[in-house]
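Read through the structure below, which is laid out as structure tokens, and then see the notes.
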Amino acid sequence: MMASSYNAKDEDGHHSGSVSHGGAGTAKSKKPDNTAFKQQRLPAWQPILTAGTVLPAFFVIGLIFIPIGIGLYVTSNNIKEFEIDYTGVNVDSPCYTCANNFSWNSTTSCSCTVNFTLEQPFENNVYMYYGLSNFYQNHRRYVKSRDDRQLNGDATALKDPSNDCEPYRKIGVETIAPCGAIANSLFNDSLELYYVEPSGALNAVPLAKKGIAWWTDRNVKFRNPAGVDLPTAFKGTAKPVNWRKPVYELDPSDPDNNGFINEDFIVWMRTAALPTFRKLYRIIHKNQSSTSTLPSGRYVLNITYNYPVLSFDGRKRMILSTISWMGGKNPFLGIAYITVGSICFFLGVVLLIIHHKYDTRSNSADIPN
Amino acid sequence: IKKKVLVWVEEGPPGQISSGENKTRTVHANILYDNAKGEENPNRHYVNNKIKTTKYTLLSFLPKNLFEQFHRFANVYFVFIALLNFVPVVNAFQPELALAPVVFILSVTAIKDLWEDYRRHRSDKEINHMDCLVYSRLEKRYMEKYWKEVRVGDFIRLRCNEILPADVLLLSSSDPDRLCHIETATLDGETNLKQRQVVRSFYDLDCEFDPLKYNSIIECEKPNNDLNRFRGYIIHRSGRRDALSKDNLLLRGCTIRNTEEAVGIVIYAGHETKAMLNNNGPRYKRSKLERQMNVDVFWCVIILLVMCLFTAVGHGLWMFQYGDKRPVFDVLSPDGRDLSPIMSAIYLFLTMIIVFQVLIPISLFVSIEIVKICQVYFIHQDLDLYDEETDSHLQCRALNITEDLGQMQYIFSDKTGTLTENKMVFRRCTVAGVEYSHDANARRIAMYQEMDSEEEECMSHGGTLPRRDSVTSYQSAHVVLRSHSTKSHRRTGSRAEAKRASILSKHTAFSSPMEKDVTPDPQLLDKVNECSSQMDFMRLHRQPMSQLTSDLADIIDFFIALTICNTVVVSSPNQPRHKVRMRFELKSPVKTIEDFIKRFTPSRLTSGSNSSSSSSLNRSSNRGCSSLLSSPSADSTLTKLNEEQFSGSLEHTFSAVPPSYDGKTSSNLEEGELRYEAESPDEAALVYAARAYKCSLVERLPDQVTVELPHLGKLNFELLHTLGFDSTRKRMSVVVRHPLTDQITVYTKGADSVIMDLIKPPDTGRKTLKKIVCRTQNYLNLYAADGLRTLCIARKVLSKEEYACWLQHHLQAETAIQGREELLFESALRLETNLHLLGATGIEDRLQDGVPETIASLRKAGLQIWVLTGDKQETAVNIAYACKLLDPEEEILTLNADSQEACALLLEESLHYIQAKFLCSSGDQTTNAFHSNFAPVETYPFSSSHISPFSVHRLGLVIDGRTLAYALDKSLEDKFLAVARSCRSVLCCRSTPLQKSMVVKLVRNKLKVMTLAIGDGANDVSMIQVADVGVGISGQEGMQAVMASDFALPRFRYLQKLLLVHGHWCYSRLANMILYFFYKNAMFVSLIFWYQFYCGFSGSAMVDQWYLIFFNLMFSAFPQLITGTLDKDVSAETLQRLPQLYMSGQNSEEYKPYMFWMNMIDAFYQSLACFFIPYFAYADSDVDLFTWGTPITTIALLTILVQLGIETKTWTWVNWLSIAFSVALFFTVALCYNASCPTCYSPSNPYWTMQKLLQDPLFYLLCTITPIAALLPRYFYRACQGTLFPNPVRVGRQLDKLPADTRRNILGLSRVTVGSPLRAEPPFLSLNKLSPESWNNKDQRSIAGSKTSQAKQAAASQTEEKGQISPPARMEKHFSDLFPLAPSELDALPYTKNDPPLPGTPQPPSAKDSECFRRTLQLSDQSVNVSTPLVSQTDSIQLNLAPDRASECVRFRRSSETGLRPDGTVQPACRTAQQEEQSLHTAL
């Protein structure tokens, strides 16, 4: 179909040429240009893949990757991480009662307390995550179920959110703000961490709520609707079905952290890639003093258990972790680099053998003459 | 568009045109109805002359174009998917976005179509608005009108050099002979002028044709596309009917020449003209590769469905496990209902089809088209395929089968005009039983060739053209009739000059100096002079001419016959398109008996002789001597070389020129040089030959031919009748009145077989005549054996009574309306009897340049070449020998049968014979030497054939047309094929066009092979259309073959580069690109597939939908297009020098079915790596969906690009640029996209994702390791493949890597001209020596030579092998045998597994062999030309690129001359075979 153009063009071109030049055929020779491009003689590099030519590449890759891998592995190992599952599946776990009695419909909150011990002190900033397992935040319909314009404070979208939010778009005549399934399923456990002093006194660890979301999310993507104050701005909207309180009361302690720009909300709205994920909950900033951020010792985790996960066999965790330049603790990349590096090295050796045995460049050099 | 198949139809018996309305068209003159209303005009139903080649109008464009595009299934599929996105339950992407690619593809195509259509529209408009003169009744004169306003039935007036606007019936011409000359070059490419006659009834009009008086009605055929047929009649008011033929019809598009004015009535207009009906658009064929690809596309569909099904089932199960407890993340359907797992599975199935749609590559089809256009462009641009002489280059007419060129297995070639030049050169003749060998002429021709080649060399060295004055002026001395204008052409004799000359005389056919300048045989020239001077003497003394001795009379008659018995038109170069004419009086051919009687009164006779004698005064003379003397000899090496050789003939020339002619030069000057325009080149050649004997044709009028003879001057022969050539009679005759003897003489010229039968049985006592006939026949056989085309010339003298008697019948025939052609035919037969044989001529149809070499290398490339020709057997066989199609060494099976049974028997016997030989060769060891002559030399694995591999023997098969007809019968075709395919060369002679196409069809369908047909004439059209690839030679025989072809070449030899280089490249490029496409899409799509396991099979994608949709269209599109267009696996030079590399395409080695699956598996592996490395790197982290998906996309892109890099063989800056561009484009687009809108692009909303990622070191770490891990296996595999199992192509590539001069040395050895004898001391490179151990390990089974000598050598080598050679002898290895030297060896090279086991050949080929080759290459690097000639003992290394991969290897052969023995005794079994074969021959 497309191909027909070329011929037509050529013939036409020729035709017009011969017409305009009339009999002077010599003037317009059809002789093709003798250029490197047209004659397909462009200077070129022609690598031939043989054992001999590629084996340096294998060695080089091996030699570069193994040190990188070791470096990554060591870095990852230096990261301290503590993880505790507080779902309450087992009967003897502190949250068992809460887990089994709680549902989305409950009006009263349930609390439980988990004790744990940190063997090693955590230096620098410590990040506190909540982790969920078996929670498919990446489900296709779930991921779609939001309205970014509403979250950006768009007045019209607030009143009339996108159909993507269905069936969490409206309750009766009132639109839901924030609409959609993601917002509806907002993680609403609250976690408090106490350090048990050697004396036995509970010392609350200061947990910073701010700075856990992307800067661009909090300042650009998420905005509250315009209004004198938040309750007015959200007037005429309903809270999501599963929520206890409206969006403008998410953080009673900090008025700036309410509405759509509540950072816990923002973090939740960034849907996780995999069914087992963690989300940043709080940051424990480094002390000014020389002591560790989280000294080793006993801790108490107070949980307000609001979020039911047992129905889909989910798990909830609390994770404390320091981070490095490459993120959280994950030895995989280091191991991967070391493995790939070693394989390359090994294959390099194999190729060397092949090269010596079959690639006869080197041993044919003697010319008896 | 429905294609009209243009089949050459031999003019059949003229059928009567029935007057039924459906069969004919009736044309009235429009002017009769000018005043009437439009409805009354009987012509109103016929289309007008406005042409419209556009497909669309402004309104219809959109619907029509879309409709056409939806003919392509893929488009429908993609639109279906895009529409699916609008269904809310299943949608995967934003519906508008999902439409984007389809809309993009459709609109690109639509814009292209629109643009093309617009161009057509413009050119239509231009043509429609050309002017012509149409008669207007109101104005009573011819008015200027646009072409588009011309209607059927209009009278139009045409002036010289005007182009005909429609098919016009010629009613009047300003030409006194009522002729109109047209040039049909635009229609059929034939450059000679054609004469058209005024309709008979308007012949005798004295005054100008007056349209107002016209009131006849024309009935003729419906419009059809046959250029050579027009039948109808014109009915006058009187009721008289006159027949119309194609001679009365002027066709649209032709140009009026040599005629000041002509008037005609439009018969067919616009799209119904023959020219338009013949105008087919480009053709579409589906290539083999595309067929194969479609199978794999089908597999992709299957894979897609399986993946979707798997996901759907997975989703159903996933839903099911939650039961009634609906988790928060499982969102209800929009209407709030709960979906059952089964329903969601079904919906999901549809969703997945959308998500995975990329697996069926929407861009593949577009990309293939783009790549093919680029390939066609490059083929067009190739300088090597450009013919300077004709200023033409290759034309690709079918644009989508370029890759088929790389997969050909059989070539069917026409002979005349394809293998040969179709330039006829007079070589020798025999007159009255005496042969004149024309040695000087032969030398001259040889010199042309030599000069051509030398000139080319000079050109290629970049030097200027050396002048060759001495040589050429020397030549010019031979030709007596000579003017300055020709001399200037001929001075150089070089290509470039010839080209210039051909441009000067662009429209004059057949004017190359080689054909024009015939060096006369001195002996014959003497005789001619003697004879004519005697005649002159006799005429002066009023003596009867009969006193001339009979052989002298024969000689002069012979030349007169050559001069006048043809249809050659004379034109002068000064006014190229105007006939030279000196009119004496208006005469017309004999029409009636009365006319005849009136004309043959004595008074007329004297006046005739008067005119001739008067014209003899200004006879031309010969200035040959002076021109010879005046040209000083320049220091040309060529002359020096040839000096001695030529001096002899020089003297001849001097003596041959009678001094008495020197004075009269004046008339010659004004006359200039005459040009002969002939319908067939044979005729021109004969006229030029006669001119060399100063018997030159000066003028041809319908009623009179003027011939200039030495001494006698100009003689006017009154032309009474011309009985034209036809293929059944195979002869033509002219009836003239001889001006000297006053006798009515018939000169006949025709094929020897026919003429010899018509020779008058010698009277008693005239033994000499019998002897002459006998001798002539002998010479004819000799000529045929030399490959010359033979013609016999005969004469017959009629008495007036005989003539009157014949004339009566003839006139009846001529005026007959029904069956006129048959009657005329019979009338001609009556006349052409009892002839007197004058002599015979031998004309050489020269082979085109490089034909033997091309055939040799095509054959080395594993192509089977069949020649299908209409020529007679002897000529065909000779040409076949000349072009090395047949080898003198090989046996020829000749099949000539005259009945079905005989043919069956013959085939049976041939089969037995071949089998017997087969058995023999495998049976006995001692007969090796014998059967190495005929042993199977090559085995082609017929990859697609269902029959077991067949070996091809050193056998030639020659079959004639009649036998072929029997053999092509259903019952025999299998046997015929079995015989034919085991022969190395097949030659079908005397085959009709239909047979040609049947043979091609048979081979194509039965053997399931790729066929290529090449031809130049209309008789090859059907064959060209049947073959997979049709190639037309755009030569001299017109454009019909070209119009039907897929590719048009200027010359046969270009086929070599077209197939071996461009075919190979196109195939390998496209094959690799298609494979890569499948890989790329599978790899990308399976990333998403793996993800389904982690998102509850919900159809979620971590790749942003924008990336997903534009990945193929934008990010990864360019590099593969560039690679698909520019990649060269092996350089052009190596491909041409090592034709064996072509076999990779024949065997489809670049793209085998398993490769698709290998690629798929590799794609799955790579996608696993690309998925799971990021997966584990980000496992249990706070990464969000698209921040995780974007690195995966990036990694996939990088992997895909590096994979392309691994598969790319040639890296030019374009490749680098395209890859860099792709990467840059991706990041630019990603950055812009991610920064553009914080609230858009639901659901991914990737605001600031890329920016964030670029700050993350993890991203870079991932992008480094993942592509490497993913590509490690492939890279390793390629490296091992390169070392352990190098295929021939790879060997070729390694050859490319060698320094240029070394490579040239190695390749140069293989370039030894085919046919040169095996030299005793071949030039060789002394190679290093392999260690003795390795030597002993070498494969030594390569003994099945083809030539006896080789077999001897081989035999010797065995004996030697047994250990008698001294180590130093082994040191010397003749590299010369690396590549075959002698022609026989060329084909004998590959020893295949199917070979019968030979003695002393224990080791199978191993990887060692290839290693050796590399070693030798390495060595040759260092030891080029350090040779020590060693005559007595020779060790040779033989590189063997056999068709099948397994046996590619290097072979070593040693031989010593001392060891040569006469070959072994032939086993009785073989003898019987031989005898059988002989008896076969004799039996036939």
Side-chain angles (χ1 to χ4, degrees), chain A residues 2-8 25-26 29-32 34 38 40 42 44-46 48-51 54 136 138-145 148-149 152 166-167 181 185 216 220-221 270-271 273-274 276 278-280 311-312 326-328 332-333 337 340 347 354 358-361 364 367-368, chain B residues 112 116 282 322 325 327-329 331-332 334 336 369 372-373 376 378 381 383 386 391 393 399-400 503 1094-1096 1098-1100 1176-1177 1180-1185 1188 1210-1212 1238-1239 1242-1243 1245 1247-1248 1257-1258 1261 1265 1269 1276 1278-1279 1282-1284 1293 1328-1329 1371 1411 1414-1415 1418 1423:
Chain A
M2 202 149 183
S4 61
S5 69
Y6 184 73
N7 199 28
T26 37
S29 164
K30 283 192 279 180
K31 184 170 183 171
N34 190 6
K38 287 188 177 179
Q40 308 192 54
L42 286 176
W45 173 54
Q46 291 179 287
I48 296 181
L49 301 181
T50 60
V54 305
Y136 287 85
N138 53 14
H139 189 285
R140 182 171 60 90
R141 288 201 298 274
Y142 182 85
V143 168
K144 241 180 5 184
S145 187
D148 283 307
R149 287 197 299 126
N152 198 34
E166 291 285 7
S185 61
T216 49
V220 184
K221 239 168 116 172
R270 192 162 273 281
T271 51
L274 299 164
T276 299
R278 61 173 73 167
K279 283 186 182 291
L280 190 54
S311 63
F312 52 88
M326 54 167 288
F332 171 76
L333 212 54
Y337 264 87
V340 172
L347 291 181
I354 292 175
Y358 300 99
D359 228 3
T360 51
R361 274 156 201 272
S364 58
I367 306 168
Chain B
K112 184 217 67 182
E116 271 178 19
Y322 292 114
K325 297 178 289 179
V328 278
F329 46 81
V331 186
L332 300 163
E369 283 197 347
K372 280 181 181 173
I373 289 174
V376 165
F378 279 118
Q381 290 300 323
L383 261 180
Y386 168 77
D391 188 34
H393 46 78
L399 302 144
N400 46 0
I503 288 166
Y1094 297 95
C1095 69
S1098 63
S1100 189
F1176 284 116
D1180 192 23
S1181 71
D1182 59 345
V1183 74
D1184 75 281
L1185 184 53
W1188 181 66
T1210 313
W1211 288 81
T1212 62
T1239 58
S1242 172
N1245 193 2
Y1247 188 69
W1248 223 249
L1258 201 60
L1261 286 172
I1265 189 173
F1276 182 72
R1278 288 278 179 230
T1283 302
L1284 300 178
R1293 297 185 60 200
N1328 75 316
K1329 141 91 227 272
M1371 305 279 180
E1411 167 208 339
R1414 239 184 321 288
R1415 185 176 301 173
Q1418 280 298 302
S1423 61

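All values derive from a computational prediction rather than experimental measurement. Residue numbers start from 1 in every chain, and the chains themselves are labelled A, B, ... in the order their sequence lines are given, proteins ahead of strands.
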Requested in this report: Could you tell me which residues satisfy salt bridge (Lys or Arg N to Asp or Glu O under 4.0 Å) with B:Asp1182, sequence neighbours excluded, listed by chain and number?
Outcome: none
Requested in this report: Select, from B:Leu1258, B:Thr1210, B:Asp1184, the one with the greatest count of heavy-atom pairs under 4.5 Å involving chain A.
Outcome: B:Asp1184
Query raised in the report: Donor-acceptor pair, A:Ser145 side chain versus A:Arg141 backbone, under 3.5 Å?
Result: no
Query raised in the report: Which of the residues A:Arg149, A:Arg270, A:Met326 is involved in the greatest number of heavy-atom pairs with chain B at under 4.5 angstrom?
Result: A:Arg270
**Report entry** Contact winner vs chain A - B:Tyr322, B:Phe329, B:Trp1211, heavy-atom pairs under 4.5 Å
**Finding:** B:Phe329
Report task. Go through the steps to decide whether A:Tyr136 and B:Ser1100 satisfy the test side-chain hydrogen bond (donor to acceptor under 3.5 Å, both in side chains), and finish with yes or no. Result -> CA-CA 11 Å; A:Tyr136 287 85; B:Ser1100 189; over 6 Å; no
Report task. Check each atom of B:Trp1248 against the heavy atoms of chain A and say whether the ones under 4.5 Å are side chain, backbone, both or neither. Result -> both
Report summary line: Greatest number of non-hydrogen atom pairs under 4.5 angstrom with chain B, of A:Val220, A:Leu280, A:Thr276, falls to A:Val220
Report summary line: Residues A:Arg140 and B:Gly1099: closest non-hydrogen pair is CD-O, 3.3 Å
Query - Under the side-chain contact (heavy atoms from CB on, under 4.5 Å) test, residues paired with B:Ser1181 that sit two or more places apart - result: B:Tyr1178, B:Val1183
Query - Salt bridge flag under 4.0 Å for residues A:Lys221 and A:Asp148 - result: no
Query raised in the report: So what's closer than 4.5 Å to chain B heavy atoms on A:Lys38: side chain, backbone, both or neither?
Result: both
Query raised in the report: Where does A:Phe332 contact chain B at under 4.5 Å (heavy atoms): side chain, backbone, both or neither?
Result: side chain
